[in-house]
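Worksheet: one structure, shown below.
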Amino acid sequence: DIDNLCSDSPTLTRDSRMPLLQTISNMKWVVQLFDITTAFLRGRSDERELAMEAVCLLQGNAYGMVDAPLLFYREFRKQLEKIGFCAHPLDNCLFLLRTPTNPEILDGILGTHVDDGIGGV
């Protein structure tokens, strides 16, 4: 299965990091950094059946799964979108939070790199 699995997780590009930091500076927001602990155990399982020595069936995630970073990214993005963030059309790891009543007003910006992030509100 390893050869056929998509395991690449999107990461924030240098070209997106610079405007992110510039936006935070221009808006006079505080730069906030974060690291999500045990991130790869927090992604949603893709329902593949995994067995360990054909003795037990793994329900959920485990360290060492080649697609864990991608599964985490998908779940993290889903949760960010639930609270109002939207991914920038040119970079899947740059998220914008806009005022619901006036989408031209930016309320926050967030960039992610696997399980680390930087942002401001």
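All residue numbers refer to positions in the sequence shown, counting from 1.
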With [X] via side chain to side chain donor-acceptor pair (under 3.5 Å) - residues at least two apart:
X: Asp115; result: none
X: Gln32; result: none
X: Asp116; result: none

Mind checking the [atom1]-[atom2] spacing from [X] to [Y]? Nearest 0.5 Å is all I need.
X: Lys82; Y: Leu80; atom1: NZ; atom2: CG; answer: 11.5 Å
X: Met18; Y: Thr13; atom1: CE; atom2: OG1; answer: 9.5 Å
X: Leu70; Y: Glu75; atom1: CG; atom2: CD; answer: 12.0 Å

Nearest atoms (heavy-atom pairs only) where Asp91 meets Cys93: OD1-N, 2.8 Å

Closest approach of Thr11 and Val114, non-hydrogen atoms and distance?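 Heavy-atom minimum between the residues: CG2-CG2, 3.7 Å.
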
Do Val121 and Phe95 share a hydrophobic cluster (ILVMFWY, side-chain heavy atoms under 4.5 Å, transitive)? no

Which residue pairs pass the ring pair (Phe, Tyr, Trp, His ring centres under 6.0 Å) test when at least one of the two sits in residues 75-94, sequence neighbours left out? Phe72-Phe76

Per the side-chain hydrogen bond (donor to acceptor under 3.5 Å, both in side chains) rule, what does the pair list look like for residues 98-112, sequence neighbours excluded? Thr99-Asp107

For Leu21, the rest of its hydrophobic cluster, which grows through side-chain links under 4.5 angstrom: Leu12, Leu20, Ile24, Met27, Trp29, Val31, Leu33, Leu94, Leu96, Leu106, Ile109, Ile118

